[in-house]
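So the structure is just underneath, and the comments pick up after that.
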Amino acid sequence: MSAAQLAVDPVTAARRLLGATLYGRDVVATVVEVEAYGGPPSGPWPDAAAHSFRGPTPRSAVMFGPAGHLYTYRSHGIHVCANVVCGADGVAGAVLLRAARVIDGCGAAQGRRRAGVAPAAIARGPGNLCEALGITLADNGIDLMDRRSPVRLELNALQEGAAGPRVGVSQAADRPWRFWLADTAEVSAYRRSPRAAAPGDSD
DNA sequence: GGTAAGATCAGC
DNA sequence: CTGATCTTACCT
């Protein structure tokens with residue numbers, strides 16, 4: 001039923017995901033930082049920074065499907081990143097999970113990261129988040145709202161969030177589509193992509 | 001079939 | 001700032 005709450009535009013979905021409870025493999029965490037991504041030029045939310053911008057491909061297919069499913073991809077040949085698909089079925093949109101606070105299963109999470117990471121940094125950053133929660137490329141496409149899924153999501157009450165530009169994108173780099181819970185130690189540091197156009201240039 | 005760029009991260 | 005490491009998508 002709560003998948004319907006995600007069948008909306010990426011910005012609204014992103015705000016609704018702040019404070020959500022994410023159940024990974026033997027780890028439970030609270031989502032504290034997200035980024036909204038739109039879709040192709042023909043859709044309602046054109047976004048040149050989105051993987052779905054050039055239409056459906058084998059990789060981006062999941063984002064054109066129903067809301068509440070998981071889209072995972074490999075970043076820079078090294079890391080796995082996780083998105084929650086949003087928007088109506090057939091319309092591409094997604095929210096990247098950037099950081100979370102581990103509230104249960106700290107040991108399991110820490111065991112997957114290299115030794116010595118600070119508690120606040122265990123699931124900080126999209127690649128680290130997936131590593132800590134045990135999310136892999138094999139999880140691509142699963143239904144996060146299905147009780148039987150190995151990775152699940154539960155939405156909570158709407159929380160106030162701060163907004164700012166997205167991290168690491170070279171396109172639409174000024175669009176304030178990154179949202180986070182204020183005063184949260186687990187939020188990742190902002191880094192503009194070295195390939196982004198000069199600040200102030202239009203999308 | 002070749003290749004350039006990439007929604008990252010850690011170490012110097 | 002740089003290197004690691006590899007998949008995708010677009011080009012010829």
Side-chain angles (χ1 to χ4, degrees), chain A residues 6 9-11 13-15 17-18 22 31-43 45-64 69-87 92-100 102 109-110 112-141 144 161 163-180 185-197 199 201 203:
Chain A
L6 296 173
D9 70 273
V11 169
R15 290 194 176 282
L17 282 166
L18 283 181
L22 183 62
V31 176
V32 300
E33 183 190 359
V34 298
E35 272 175 7
Y37 284 89
S42 58
W45 319 294
D47 181 6
H51 288 165
S52 54
F53 185 63
R54 289 152 206 277
T57 66
R59 177 174 70 158
S60 68
V62 173
M63 286 191 285
F64 289 83
H69 284 241
L70 181 69
Y71 163 57
T72 55
Y73 68 94
R74 187 172 296 291
S75 174
H76 290 258
I78 302 174
H79 300 103
V80 175
C81 296
N83 298 249
V84 179
V85 175
C86 63
V95 178
L96 173 68
L97 302 178
R98 285 201 58 90
V102 176
Q110 204 142 30
R112 294 194 189 100
R113 302 291 317 282
R114 75 187 196 298
V117 275
I122 291 178
R124 174 195 288 156
N128 294 335
L129 185 152
C130 285
E131 192 173 4
L133 299 211
I135 299 172
T136 72
L137 290 182
D139 295 319
N140 188 44
L144 293 168
R166 293 178 291 188
V167 175
V169 298
S170 61
Q171 300 295 311
D174 295 333
R175 195 179 292 191
W177 276 15
R178 170 177 174 245
F179 305 92
W180 63 92
E186 289 81 4
V187 170
S188 55
Y190 173 61
R191 286 153 98 146
R192 188 180 181 87
S193 167
R195 289 172 291 278
D201 283 19
D203 294 347

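Just so we're on the same page: letters track the sequence lines, and every chain starts at 1. A quick note: this is a predicted structure, and the numbers were derived from the prediction, not measured.
- Here A/His76 does not reach the OP1 or OP2 of C/dT5: none of its side-chain N or O atoms lies under 4.0 Å away.
- Ranking B/dT8, C/dA9, C/dT7 by closeness to the A/Arg98 side chain, first place goes to B/dT8.
- One interatomic measurement links the two molecules: CZ of A/Arg74 to C1' of C/dA4, which rounds to 13 Å at whole-angstrom precision.
- If you take CZ of A/Arg192 and P of B/dG6, they are 13 Å apart, rounded to a whole angstrom.
- Between A/Val80 and A/Arg74, the closest side-chain pair of non-hydrogen atoms falls below 4.5 Å.
- The distance from atom CG of A/Asn128 to atom P of B/dG11 is 11 Å, rounded to the nearest whole Å.
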Checklist line | Strand DNA chain C as a dot-bracket string - pairs counted if Watson-Crick or G-U with both distances under 3.5 Å, | where the partner lies in another strand | finding: ||||.||||||.
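- OP1 or OP2 of B/dT8 has not a single side-chain nitrogen or oxygen of A/Arg191 nearer than 4.0 Å.
- Among the heavy atoms of the strands lying under 4.0 Å from A/Arg59 are primed sugar atoms or P, OP1, OP2 only; no base atom is included.
- In this structure, the side chains of A/Tyr37 and A/Val95 stay at 4.5 Å or more apart for every pair of heavy atoms.
- Judged by distance alone, with hydrogens and angles left aside, the side-chain atoms of A/Arg166 form no donor-acceptor pair with the main-chain N or O of A/Arg178 at under 3.5 Å.
- Judged by distance alone, with hydrogens and angles left aside, the side-chain atoms of A/Arg113 form a donor-acceptor pair with the main-chain N or O of A/Ile122 at under 3.5 Å.
- Per the geometry, CG belonging to A/Asn140 stands 10 Å off P belonging to C/dT8, to the nearest Å.
- Of all nucleotides listed (B/dA10, C/dT5, C/dT7), C/dT5 comes nearest to the side chain of A/Ile78.
- Summarising the geometry, the separation between CG on A/Asn83 and C1' on B/dA7 is reported as 8 Å, rounded to the nearest angstrom.
- Note: CG (A/Leu129) to C1' (B/dA7) measures 13 Å, nearest angstrom.
- For the P atoms, the distance linking B/dG2 with C/dT5 amounts to 22 Å, nearest Å.
- Between A/Leu137 and A/His79, the residue whose closest nucleotide on DNA chain C is further toward the 5' end is A/His79.
- For A/Arg195, a side-chain nitrogen or oxygen approaches OP1 or OP2 of B/dG6 to under 4.0 Å.
- Side-chain N or O atoms of A/Asp139 include one that pairs as donor or acceptor with a backbone N or O of A/Thr136 at under 3.5 Å.
- Distance A/Phe53 CZ to B/dA5 P: 18 Å, rounded to the nearest Å.
- Counting heavy atoms from C-beta outward, A/Cys130 and A/His79 have side chains that stay 4.5 Å or more apart.
- In this structure, the CD1 atom of A/Ile122 is 15 Å from the P atom of B/dC9, given to the nearest Å.
- Distances from the side chain of A/Arg54 to the nucleotides B/dT8, C/dC6, C/dA9 place C/dA9 closest.
- A sub-4.0 Å separation between OP1 or OP2 of B/dG6 and a side-chain N or O of A/Ser193 is absent.
- Listed nucleotides: B/dT8, C/dA9, B/dG11. Nearest to the side chain of A/Cys81: B/dT8.
- Taking all atoms of both residues into account, the shortest heavy-atom contact from A/Gly125 to A/Ser188 is N-CB, 4.2 Å.
- Residue whose closest nucleotide on DNA chain B sits further toward the 5' end, between A/Gly127 and A/Gln171: A/Gln171.
- Closest non-hydrogen pair, A/Val34 versus A/Leu17, comes out as CG1-CB, 4.3 Å.
- Proximity note for A/Thr57 (side chain, C-beta onward) versus B/dG6, C/dA9, C/dC6: the nearest is C/dA9.
- Checked against C/dA9, B/dG11, B/dA7, the side chain of A/Pro58 finds its nearest nucleotide in C/dA9.
- With centres under 5.5 Å and a plane angle under 30° as the test, the ring of A/Tyr73 is not stacked against the base of B/dA7.
- At a threshold of 4.0 Å, the pair A/Arg15-A/Asp9 does not count as salt-bridged, since none of the basic side-chain nitrogens sits closer than that to a carboxylate oxygen.
- Using a 4.0 Å heavy-atom criterion, one finds that A/Arg178 contacts no nucleic acid atom at all.
- Set against B/dA10, B/dC9, C/dA9, the side chain of A/Pro126 has B/dC9 as its closest nucleotide.
- The listed nucleotides are B/dC9, B/dA7, B/dT8; the one nearest the side chain of A/Met63 is B/dA7.
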